[in-house]
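Below: one structure, written as C-alpha cells.
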There are 2 protein chains.
Amino acid sequence: MKLSEGVEWGLHCALLLAEAPARVPLPRRVLAEHYGLPEAYLAKHLQALARAGLLHATPGPSGGFRLARPAGEITVLDVLDAIEGAASPFICQEIRQQGTGAARPEECTRPCAIASVMVRAHQAWRESLRAVTLDQLVKRVPQTLRKRNRAKFASNPST
Amino acid sequence: MKLSEGVEWGLHCALLLAEAPARVPLPRRVLAEHYGLPEAYLAKHLQALARAGLLHATPGPSGGFRLARPAGEITVLDVLDAIEGAASPFICQEIRQQGTGAARPEECTRPCAIASVMVRAHQAWRESLRAVTLDQLVKRVPQTLRKRNRAKFASNPST
DNA sequence: AAGTCGTGGATACCTTACATCTACGTTAGA
DNA sequence: TCTAACGTAGATGTAAGGTATCCACGACTT
C-alpha cells in the first residue's frame, strides 16, 4: 500500500498557496521551481485540484493558481480525494463466494464481515484527515520560513 | 493507493482457521481450494503469517496450518502487518528542503506538518483495525455457513 | 495581434505487485 | 529405514499502475 507522491506535491502546493498573502495567482512554473518538481507532471496534479474546485486557475500572462476558497475551508482530505481518489484501498473480491467452500447467495445478504472492518478503518482514516484544514497547517510552518515565503510572493510572484 | 489482495486472502484463511473446530491443521491445498485461490501464491502469504507468529505450520503428512494463538488474541491489524507491512502509505520526501524555496535545516527541527497529519491518520486506521479480533469476526459469519465449515473440517480435513 | 499560460490527450518508461515453477529440508507413517 | 506429503525459499516471468514528458489547442492579458 503506497500513496502516490503527487499527494505530497499537492499538499505542499496548496499549503504554499495558503501562505501566499495576496489574490495574485502563482504560475505552475513558480510552484514547480519552489519545490524542485517536474513542471509538466505537477501540472497534472494541479489540474486535478482545480477540477475538484479547490484551486482556481487563471489563464493568460500573469496567470496561475490560487485557492478557490479560504484556507480554513479546505481540508487535507479534500486534497487527497482530488489527487488520489476517495476509494477504499481495500477492494473486496468476494472470495467467500468462490471455491469449494463458497457461501450461498442467501448467506451473503449482509456484507462480508472482513470488508466491513476495512471500510470502518478507512472511514477512521478519512475522519482524521477531514479534521485538519490548510490554515491549521500554515500555523505549524516555522515563522522564519513563512515570512520568507510571504516576502517572496508579495510583490513579484515570478521570482 | 491499493491494498494487495493477499490481505483479503490472509484474512479469510485466518478466519477459516478460527472457525475450524480442532487442533487438526489445514493443508494449504485445502485452504486454496476452499476459496478458489492459486495455491502456490497463497503459500507465500501463509508463510508471512507463520513468520509473524500468527499461524503454526506443521510439516509432513497430515500437516498444514493452524492458529498459533487463540482467535481472541489475533487482531485484523496483526494479519495486515504480517502481509502488507506496518509502514505508512505516505512517505515524506522532504520536498520542503528542495528547490528555490527550500527550508533551511534549522527550520526543519520539527517534522513536516503535512507528514505529521498523515502519520496521525495512519495511526487512526491502525487503531480501528487493532480493535477487531478474529473471534469477533467468526461471530459475524452466517450460522449456516459456520456450521457447514465446522462439519467439513471436523473429521476429514482433506476433503 | 501576439505572447503567456492552463488544458487535455497521447505516449513511453519503470517500479511494484502478481503469479508460477523448481529445488530443498523436514516430518509422520509404513 | 524409507518414502511420500508438506512447508520453505529463491529465481523468474508477467501485468498493471504510477511516473514523466511532449505537443496541439484554447483562453486571456497586454
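Here is the naming used below: chain letters follow the sequence lines, and residue numbers restart at 1 for every chain.
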> Between D:dG18 atom P and A:Leu3 atom CG, what is the distance in whole Å?
Replying inline: 10 Å
> Contact class for A:Ala40 vs. all strands (heavy atom < 4.0 Å): base, sugar-phosphate, or nothing?
Replying inline: base
> So does B:Ser62 get a side-chain nitrogen or oxygen closer than 4.0 Å to the phosphate oxygens (OP1/OP2) of D:dC6?
Replying inline: no
> From D:dA9, D:dG7, D:dA20, pick the nucleotide closest to the side chain of B:Gln47?
Replying inline: D:dA9
>> Can you tell me which nucleotide in D:dT19, C:dG6, C:dA19 comes closest to the side chain of A:Glu5?
In response: D:dT19
> Could you state the CZ-P distance from A:Arg66 to C:dG6, rounded to the nearest angstrom?
Replying inline: 13 Å
> When you check the phosphate oxygens OP1 and OP2 of C:dC18, does a side-chain N or O of B:Ser4 lie under 4.0 Å from one of them?
Replying inline: yes
>> Rounding to an integer number of Å, can you tell me how far B:His45 NE2 sits from C:dA19 P?
In response: 8 Å
> Does B:Arg28 have a side-chain nitrogen or oxygen under 4.0 Å from the phosphate oxygens OP1 or OP2 of D:dT8?
Replying inline: no
> For B:Glu39 and C:dT22, what is the distance between atoms CD and C1' respectively, to the nearest whole Å?
Replying inline: 14 Å
>> Just to be sure I understand the rule, does B:Gly6 reach a base, reach only the sugar-phosphate, or reach nothing, if contact means heavy atoms closer than 4.0 Å?
In response: nothing
> Given atom CD1 of B:Ile83 and atom C1' of C:dA17, what is their separation to the nearest angstrom?
Replying inline: 14 Å
> So which one's nearest nucleotide on DNA chain C is more toward 5', A:Ala57 or A:Pro61?
Replying inline: A:Pro61
>> Below 30° counts as parallel, above 60° as perpendicular, anything between as tilted: where do the rings of B:Phe153 and B:His34 land?
In response: tilted
> Counting only N and O atoms by type, is there a donor-acceptor contact under 3.5 Å from the side chain of A:Thr133 to the main-chain atoms of A:Ile74?
Replying inline: no
>> Does B:Glu106, at its CD atom, have more than 12 non-hydrogen atoms belonging to other residues, nucleotides or ligands within less than 6.0 Å?
In response: yes
>> Working to the nearest 0.5 angstrom, can you tell me the gap between A:Thr75 OG1 and A:Leu134 CG?
In response: 8.0 Å
> Start at the 5' end of DNA chain D and walk down; is the nucleotide closest to A:Pro38 or to A:Thr58 reached first?
Replying inline: A:Pro38
> Counting only distance, no hydrogens or angles, is the base of D:dG10 paired donor-acceptor with the side chain of B:Lys44 under 3.5 Å?
Replying inline: yes
> Can you tell which of A:Arg104, A:Glu107, A:Arg96 makes a side-chain contact (heavy atoms from CB on, under 4.5 Å) with B:Leu145?
Replying inline: A:Glu107
>> Checking contacts here: which listed nucleotide (D:dA4, C:dG6, C:dT26) is nearest the side-chain heavy atoms of B:Pro59?
In response: C:dT26
> Taking NZ from A:Lys2 and P from D:dA16, how many angstroms apart are they, rounded to a whole number?
Replying inline: 18 Å
> What integer distance in Å separates A:Gln93:CD from C:dA17:C1'?
Replying inline: 14 Å
> Can a side chain N or O of B:Arg51 be found less than 4.0 Å away from OP1 or OP2 on D:dA9?
Replying inline: yes
> In whole angstrom, what separates B:Leu26's CG from D:dA5's C1'?
Replying inline: 15 Å
> Could you walk me through whether B:Asp81 and B:Arg126 pass the salt bridge (charged side-chain N to carboxylate O under 4.0 Å, His left out) check?
Replying inline: CA-CA 10 Å; B:Asp81 280 352; B:Arg126 291 173 60 79; 2.9 Å; yes
> According to a strict under-4.0 Å criterion, is B:Tyr41 in side-chain N/O contact with OP1 or OP2 of C:dC18?
Replying inline: yes
